[in-house]
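Right, one structure below, let's go through it.
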2 protein chains.
Amino acid sequence: MDLEAVRTFVAVVEAGQFQKAAIDLSVTQQAVSKRIATLERDLCVRLFTRTQRGAELTIDGQAFLPRARELLRVAERALASVHPGSRPLRVDVLNSRGAASGLMRGFHRAHPEIDLDVVMLFEIETAVTAIRSGAIDASFRAVAAPGRPLPEDIESVRVLDEPLQLLTGPAHALAGARSVTVAQLAGHRIWMPGIVPGTEWAAYYDDLVAEFGLTIEATGPNFGSDALLDTIADTPTLATFMGEHTRLIWPAGHGLRRIPVTDPMPVYPHSLLWHRDNPHPALATLRAHLAATVAGHDAAGSWTPDWAAPH
Amino acid sequence: MDLEAVRTFVAVVEAGQFQKAAIDLSVTQQAVSKRIATLERDLCVRLFTRTQRGAELTIDGQAFLPRARELLRVAERALASVHPGSRPLRVDVLNSRGAASGLMRGFHRAHPEIDLDVVMLFEIETAVTAIRSGAIDASFRAVAAPGRPLPEDIESVRVLDEPLQLLTGPAHALAGARSVTVAQLAGHRIWMPGIVPGTEWAAYYDDLVAEFGLTIEATGPNFGSDALLDTIADTPTLATFMGEHTRLIWPAGHGLRRIPVTDPMPVYPHSLLWHRDNPHPALATLRAHLAATVAGHDAAGSWTPDWAAPH
DNA sequence: CTTAGTGAACAACGGATCGTTGTGAGGAGC
DNA sequence: GCTCCTCACAACGATCCGTTGTTCACTAAG
């Protein structure tokens, strides 16, 4: 099925006859006839009944028409998604199931008319470069990792303090606890294979380890969230950290437990980063939406690294 | 932009390298390279960064990927919409703003997983032929016009009795009435240019005219609903009938009035028609949905033609 | 340092496709 | 019967597409 043929099909429907459609498309009537014939051959159905005064849709053609229009619309949007100028707002998130993703879903619900593209970069340097070049419009990050202050032309605002929770399998020693203190975690193995050295969230966990004497293992290949959950569920001695807003998808029966952590409650500081001079109109809308909907977290009793001082 | 190129793009993303994608697609690596190069030229952006171990998505590529996948999904569904076998449920309605259309919207809300195609045929004979041939799965009609009983292999069930309302402009003599009786309408001109002779709704209005001595004019070309509403709004001597559930879209300020008709209340009998042997699984779901959600109308005080005796 | 292996791009060739011109069939209106 | 209008079929030329053959860049092993 060729998009050009689909476009021709819609043109014939709108013109009512092959001849006019040919003029609209700046080709000959014979070319239109051929394209429609090819499309009909590809679909194995007759789309028009040819009459003396033009072409009328068959029932199959009527059923196909809205699909064809949708196809062209989607193709149009796909094209727009990579075109500079007034392309969709392009936002970078840490991963597709994290808190930032949830914030973007909320934004999309509040402003369904704004076209969005979500991408995932890994390092904050990459993100900053992309923001500077205009390749992306905004990024959710934990800003200002130690020794690496944000450049002057990049602005940021704290949008979410996300408490961490402990994730354990049903056989874990802490599985029955309603909440655990950081001190209680000192002897346990915490496994986070997804962590990428050099990123700002690696720095976050490094600080957490250093301050409270935890044992976090980032060893082993990262086979993705599913494999991690499988292992956690089956292993009584392993646990992992997970943001409170992280959306998990696991098979029923795993018996995984999410346990709040207290004394202090470790919170992950999400900020929105953007370029000072970015003119994208939807960027202002996003910032206004986040400012309006995201409630600040109570700083008392919670912990963040020094470099991410509470606002 | 070529669909085959988009398919190749997704294949490369999934394979991680051109070579593997080429094997998956049963073409040579050079062909894949060319297709991607052509796509990148069409889009004016680089989609992959070529490395020694394959190809990685650029930011533009990441943004384009979900659009590409959607495009292929929509193309798949467009193809399925004309393929016999397990194609979408195809239902015929009288017009896109009528009561049947509203019923189908309700069905879609209740069963969003069921793929639907809505078409519009004009004559009940066409609809019956289409139902018999399997070209459509069901049709909303007023069944059993006089002298034309339904064939034995077509089944039907009454699904909605829709009261008619009078639609007038602000200057019409009846514009201020909260309701009008059929007897009051006797002297007024009622204009229904959309009516098509030979259809079962033409028969309905013929009976209405004959029984109550009304004046219904079906003359003049039908320029569509918008033109009809414009004329009605501006003309103090013209009115028209409209189903209670018909969705009207008119510019603000027209001052159109919808006035219930009583003594008796003319109701239009909508039935669902389908073929006895149609095996489409969604057809049973539709029938069950309609049976469950559509409340019967009180027959007392209402009027339908003799040939559409109340259930 | 050399050599084998891997992954992608460039060049050239043969076949298929696409759009064009030219022509014919089939009705509707005068 | 004539013209006008519609669309379909045939033949030809240009373009596009995929293939084979080859080169380039880089990595890993000896």
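Letters A, B, ... are given to chains in the order of the sequence lines, protein chains preceding strands, and every chain is numbered from 1. Note that the structure is predicted; figures quoted are calculated from it, not measured.
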Among C:dG19, C:dA12, C:dC10, find the nucleotide with the atom closest to the side chain of A:A31.
-> C:dG19
Using whole Å, report how far [atom1] of [X] lies from [atom2] of [N].
X     : N      : atom1 : atom2 : result
B:R46 : C:dA8  : CZ    : C1'   : 11 Å
A:Q30 : C:dG24 : CD    : C1'   : 12 Å
A:L39 : C:dC18 : CG    : C1'   : 15 Å
B:E4  : C:dT17 : CD    : C1'   : 14 Å
A:R35 : C:dG19 : CZ    : C1'   : 8 Å
A:Q17 : C:dG27 : CD    : C1'   : 15 Å
B:F48 : C:dA8  : CZ    : P     : 10 Å
A:I23 : C:dG19 : CD1   : C1'   : 16 Å

Any donor-acceptor pair under 3.5 Å from A:T240 side chain to A:W191 backbone = yes
Has [X] got a side-chain N or O lying under 4.0 Å from the OP1 or OP2 atom of [N]?
X     : N      : answer
A:T28 : C:dT20 : yes
B:S33 : C:dA8  : no
B:R53 : C:dG7  : no
B:Q52 : C:dG7  : no

Heavy atoms under 4.0 Å, any strand shown: does A:A37 hit a base, just sugar-phosphate, or nothing?
->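 Touches nothing.
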Across the strands shown, which category fits A:Q29 at heavy-atom distances under 4.0 angstrom: base, sugar-phosphate, nothing?
->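 The residue A:Q29 makes base contact.
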Along DNA chain D (nearest heavy atom to each residue), the more 5'-positioned of A:F18 and B:V27 | A:F18
Hey, are [X] and [Y] close enough for a salt bridge, meaning a charged N less than 4.0 Å from a carboxylate O?
X     : Y      : answer
B:R35 : B:E40  : no
B:E70 : A:R73  : no
A:R77 : A:D115 : yes

Qualifying residues under ring pair (Phe, Tyr, Trp, His ring centres under 6.0 Å), relative to A:Y204, sequence neighbours excluded = A:Y268, A:W303
Please report the closest heavy-atom contact between A:A5 and A:L39, naming both atoms and the distance.
->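 Shortest heavy-atom separation between A:A5 and A:L39 comes out as O-CD2, 3.9 Å.
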Provide the start and end nucleotides, 5' to 3', of the part of DNA chain D that has atoms under 4.0 Å from heavy atoms of chain A.
->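 Range of nucleotides touched by chain A: D:dT6 to D:dA11.
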A:E56 versus A:F48: any side-chain heavy-atom pair under 4.5 Å?
-> no
